[in-house]
Amino acid sequence: LEQAIADLTDAYTGADALLKADIDALSEKHAALEQTMIEADAALLAAIEQLQADLDAAKKELESAMEEDVERLNSKIDT
């Protein structure tokens, strides 16, 4: 009986150490994943902001071109 208890204690101690190691590894992986997600969010935000700036610039160019076209057409109508 004493040997069985000693064997069971050893098995429990080994399993406990293995579980703690797995938990520690998962914690590290979780932290790395969280950092990656933070970096991805920042990169995505930067890309969205750049896209918005590009769209705003394109809109301004198109509006300017349309104004020039309207002026050109109006000058042809007036002549």
Side-chain angles (χ1 to χ4, degrees):
L1 182 60
E2 288 180 21
Q3 184 60 44
I5 292 173
D7 291 345
L8 184 59
T9 301
D10 288 344
Y12 173 79
T13 302
D16 187 51
L18 184 60
L19 286 173
K20 285 181 181 177
D22 286 347
I23 290 170
D24 290 343
L26 285 175
S27 294
E28 290 172 9
K29 289 178 181 179
H30 179 265
L33 178 60
E34 188 173 5
Q35 182 61 35
T36 301
M37 288 174 59
I38 289 169
E39 292 170 3
D41 283 348
L44 185 57
L45 179 60
I48 289 170
E49 288 173 343
Q50 182 62 52
L51 177 60
Q52 185 64 54
D54 292 346
L55 288 171
D56 289 343
K59 179 184 173 193
K60 188 174 181 177
E61 287 178 25
L62 287 173
E63 289 172 342
S64 177
M66 286 175 55
E67 286 177 15
E68 291 173 7
D69 288 346
V70 167
E71 289 174 7
R72 193 173 337 114
L73 289 171
N74 283 338
S75 71
K76 286 183 179 183
I77 291 171
D78 290 342
T79 57

If you measure from [atom1] on [X] to [atom2] on [Y], what distance do you get to the nearest 0.5 Å?
X	Y	atom1	atom2	value
L55	I48	CG	CD1	11.5 Å
E63	E61	CD	CD	11.0 Å
K20	D22	NZ	CG	13.0 Å
E28	L26	CD	CG	9.5 Å
Q52	Q50	CD	CD	10.5 Å
D24	K29	CG	NZ	12.0 Å

### Query
So do I5 and T9 actually touch side chain to side chain, heavy atoms under 4.5 Å?
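Yes, their side chains come closer than 4.5 Å.
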
### Flag, side chain of S64 to backbone of K60, donor-acceptor distance under 3.5 Å
no

### Query
Does D69 come within less than 4.0 Å of R72, counting only side-chain N to carboxylate O?
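Answer for the salt bridge query: yes.
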
